[in-house]
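Report on the structure given below.
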Amino acid sequence: MFDKVLIANRGEIALRVLRACRELGVRTVVVHSSADADSLPVRLADEAVRIGPAASRRSYLNAAAIVEAARQTGAQAVHPGYGFLSEDADFAEICAENGLVFVGPPPQVMAALADKSTARALMSNAGLPLPPGSVRTLPTVGEAQEVAAEVGYPVIVKAAAGGGGRGMTVVRSAAELPRAYARTRAAAQVAFGDDRVYVERYLADARHVEVQVLCDGHGNGVHLGTRDCSVQRRHQKLIEEAPAPALRQATLDTVAEVALRGALSVGFTGAGTVEFLVDEAERCHFLEINCRIQVEHPVTEMVSGIDLVQEQLHVAYGTPLRLRQSDVRLSGVAIECRVNVEDPDRDFAPAPGRLDRFRPPGGPFTRVDTHGHVGYLVSPHYDSLLAKVAVWAPDRDAALDRLDRALAEFDVAGPGVRTTIPFARQVLRDPAFRAARHTTALVERLLAPPADDAPPAGDGPPAEAARAVVPDPRGAAEPGGRTPVSAVPAAGPTTWRNR
């Protein structure tokens, strides 16, 4: 195993990786911006290196400064967590050129899967089902119109370099398509430096189901079952659970098997997630492969008993996978709620500030991943994720009750600070969600203005088309596509401390 690992991230995921390393006897280096100088990961690391100011592009996205910090401290590997540089093939290649092991798939695999059009073609060749639409990108609006007419409206225009819920526009009629096509290309160019797009049928009443896979560099792989991530706002996940509920066992088995086959077919290594849309007839449609640990990984750990971050480190070190499929035993139900510092009453506007009170929940089978503490200043410079509350129970009803109890106990307060806990509890009480009849349209329905002639509770198409999304410059919890390596010249780390 490695002697020392550099953690190129912040917040709860940096702390999660640090703890996994410590249990393996691996020393840690945490890089940080000036805004995070007093954060828990910095406090608990064996060494901490300040690599830049608060702005992400001059710190957490500054590849040269991160590599220099690793070289100065003698780290052998870099764990990128999620977000920031975690899916940047250029950064992985830079690490390799400097004698550092990047904890993730090989750069060429990352590059192929980051291009959603290429990934669709590769998965189609591996036998995975795709939503109806174009496999290749569409350079003209005329070609987009031809595909849309063939598959039928509504359609969704997607950026080839996008991901993580960004760079996509839902189009409900032929009249909307030219403008949506142009807008999505422009947004993709700004966000990803790549304006290529493709078109596929939009599945409005679908479930978002994903499969966790683990693969090594020796051709071995296992899947760890499914997760349902259908509770989303603007394509960003809010509540996740494992296994995906209310689906036939044959569907769960099929989607898991094809996910693993697809990952192995492209030489994937490490921990990854293969994502699908599952329609009302339980037909599965491939979406993308994420080449990193996911925010929602705790629910898979709770039903499987497997530490995914430690497995990532073993695979990166070159150890053959220590599991076979017959070793994977899934038990019970786990549900996770993301606690974001946002105000649901103001369209989920960021609501950062100092935490005067911070008391996470406890109790049996309750896990809280957080970097928060009393006196912590939630920075406005980064993603708003403050904590993840995950619970386990033998069945789904008990897990839902346990999660609601845990969220009710969570005490977070400070000047101007608001969280998404009240909205999450509203979701947990929704009859369609309780009955596992929800789809990705659930949140749009709950947020829609009340109407006298509103239909009964249930999930149908969202009230309005999603807009092309340009990523927040502060950095998203799960950015998709390849983030360009920072063009800011590296002055190297400015301070570092022994721990």
Return yes if some donor-acceptor pair links the side-chain N/O of R183 with the main-chain N/O of P178 below 3.5 Å, else return no.
no
Quick one: do R367 and E336 make a salt bridge, cutoff under 4.0 Å?
no
Is there side-chain contact between M168 and T184, with heavy atoms separated by less than 4.5 Å?
no
Tightest non-hydrogen contact, residues G167 and F192, listed as CA-CE1, 4.3 Å
Measuring from K158:NZ to T137:OG1, what's the distance to the nearest 0.5 Å?
14.5 Å
Enumerate, atom names and distances included, each donor-acceptor pair closer than 3.5 Å involving a side-chain atom of residues 221-229, sequence neighbours excluded.
| from | atom 1 | to | atom 2 | distance (Å) |
| --- | --- | --- | --- | --- |
| H223 | ND1 | G225 | N | 3.3 |
| T226 | OG1 | A244 | N | 3.0 |
| R227 | NE | E210 | OE2 | 2.7 |
| R227 | NH1 | Q212 | OE1 | 2.9 |
| R227 | NH1 | T300 | OG1 | 2.8 |
| R227 | NH2 | E210 | OE2 | 3.0 |
| R227 | NH2 | Q212 | OE1 | 3.4 |
| R227 | NH2 | T273 | OG1 | 3.1 |
| D228 | OD1 | S230 | N | 3.0 |
| D228 | OD1 | S230 | OG | 3.0 |
| D228 | OD2 | R207 | NE | 2.6 |
| D228 | OD2 | R207 | NH2 | 2.9 |
| D228 | OD2 | S230 | OG | 3.4 |

For P105 and C291, the nearest pair of non-hydrogen atoms, with its separation, is CD-O, 3.6 Å
Under 3.5 Å: donor-acceptor pair, side chain of S59, backbone of P53
yes
Looking at R179, I want to see if its CZ is surrounded by more than 12 non-hydrogen atoms of other residues, nucleotides or ligands under 6.0 Å.
no
Please check if the side chain of W392 supplies one atom and the backbone of S331 the other of a donor-acceptor pair under 3.5 Å.
yes
Carboxylate-amine/guanidinium proximity below 4.0 Å for R120 and D115
no
F91 side chain near V78 side chain, heavy-atom distance below 4.5 Å:
yes
Note: E342-R418 ion pair, threshold 4.0 Å (strictly below):
no
Does the Y202 side chain pair with the main chain of R172, one donor and one acceptor, at a distance under 3.5 Å?
no
CG of L130 to CZ of R201, rounded to nearest 0.5 Å, is 16.0 Å
Which atom pair, heavy atoms only, marks the closest approach of D279 to H285?
OD2-NE2, 3.2 Å
Heavy-atom pair with the smallest gap, counting every atom of L260 and C215
CD1-SG, 4.1 Å
Inter-residue atom distance N62.CG - I66.CD1, 0.5 Å rounding
7.0 Å
Salt-bridge contact E240-R338 (side-chain N to carboxylate O under 4.0 Å):
yes
Measure from the side-chain N and O atoms of S86 to the backbone N and O of G83, and report whether any donor-acceptor pair falls under 3.5 Å.
yes
Salt-bridged, K116 to E87, with N to O below 4.0 Å?
no
Test: R434 and D401 ion pair at under 4.0 Å
yes
For residues 133-145, the salt bridge (Lys or Arg N to Asp or Glu O under 4.0 Å) pairs (sequence neighbours left out) are R136-E143
V103 and P80, any side-chain heavy atoms less than 4.5 Å apart:
yes
Check for a donor-acceptor pair, side chain of S124 on one end and backbone N or O of A121 on the other, with a separation under 3.5 Å.
no
Assess the residue pair L442 and D430 against the criterion (side-chain contact (heavy atoms from CB on, under 4.5 Å)); give the C-alpha distance rounded to whole Å, side-chain angles, the decisive distance to 0.1 Å, and a yes or no.
CA-CA 9 Å; L442 169 66; D430 180 75; 3.5 Å; yes
So CG of L446 and NE2 of H438: to nearest 0.5 Å the spacing works out to 11.0 Å
Evaluation steps, side chain to side chain donor-acceptor pair (under 3.5 Å), between S33 and Y382:
CA-CA 11 Å; S33 71; Y382 310 112; 2.6 Å; yes
So, Y60 and D36: side-chain donor and acceptor under 3.5 Å apart, yes or no?
yes
So how far is it from L428 CG to R402 CZ, rounded to the nearest 0.5 Å?
14.0 Å
Check whether any side-chain N or O of S134 sits under 3.5 Å from a backbone N or O of V199 as a donor-acceptor pair, and report yes or no.
yes
Heavy-atom side-chain contact between E444 and L447 under 4.5 Å
no
Minimum side-chain heavy-atom gap K388-V295 below 4.5 Å:
yes
Report the C-alpha distance between D253 and Q249 in whole Å, list the side-chain angles of each, state the deciding distance to 0.1 Å, and finish with yes or no for side chain to side chain donor-acceptor pair (under 3.5 Å).
CA-CA 6 Å; D253 292 343; Q249 188 60 48; 2.8 Å; yes
Minimal heavy-atom distance between M302 and A334, with the atoms involved, is CB-CB, 3.8 Å
Looking at Q108, I want to see if its CD is surrounded by more than 12 non-hydrogen atoms of other residues, nucleotides or ligands under 6.0 Å.
yes
Determine whether the side chains of Q189 and D194 contain a donor N or O and an acceptor N or O closer than 3.5 Å.
no
Can you check side-chain contact (heavy atoms from CB on, under 4.5 Å) on V266 and L113, steps first, answer last?
CA-CA 9 Å; V266 295; L113 296 178; 4.3 Å; yes
For the side chain of N220 and the backbone of D216, is there at least one donor-acceptor N/O pair under 3.5 Å apart?
no
Looking only at side chains, do E12 and T370 share a donor and an acceptor under 3.5 Å apart?
no
In sequence, state the C-alpha distance, the side-chain angles, and the governing distance for Y198 and V157, and then conclude on side-chain contact (heavy atoms from CB on, under 4.5 Å).
CA-CA 6 Å; Y198 60 95; V157 183; over 6 Å; no
Side chain of T419, backbone of V412: donor and acceptor closer than 3.5 Å?
no
Closest non-hydrogen atoms of A399 and I335, given as atom of the first, atom of the second and distance, are CB-CD1, 3.9 Å
Considering only heavy atoms from C-beta outward, does the side chain of L264 approach that of F268 to under 4.5 Å?
no
Give, for atom CG of L214 and atom OG of S304, the distance between the pair rounded to the nearest 0.5 Å.
8.5 Å
Let me see the working for V443 and L238 under side-chain contact (heavy atoms from CB on, under 4.5 Å), right down to the final yes or no.
CA-CA 9 Å; V443 171; L238 301 177; 4.1 Å; yes
Taking E301 for the side chain and L308 for the main chain, is one N or O donor matched with an acceptor at less than 3.5 Å?
yes
With a cut-off of under 6.0 Å to the ring centre and 45° to the axis, is R292 in cation-pi contact with F102?
no
Are any of the side-chain heavy atoms of D343 and F348 separated by less than 4.5 Å?
no
Taking the side chain as every heavy atom from C-beta outward, state whether L407 and V389 have any pair of such atoms under 4.5 Å apart.
yes
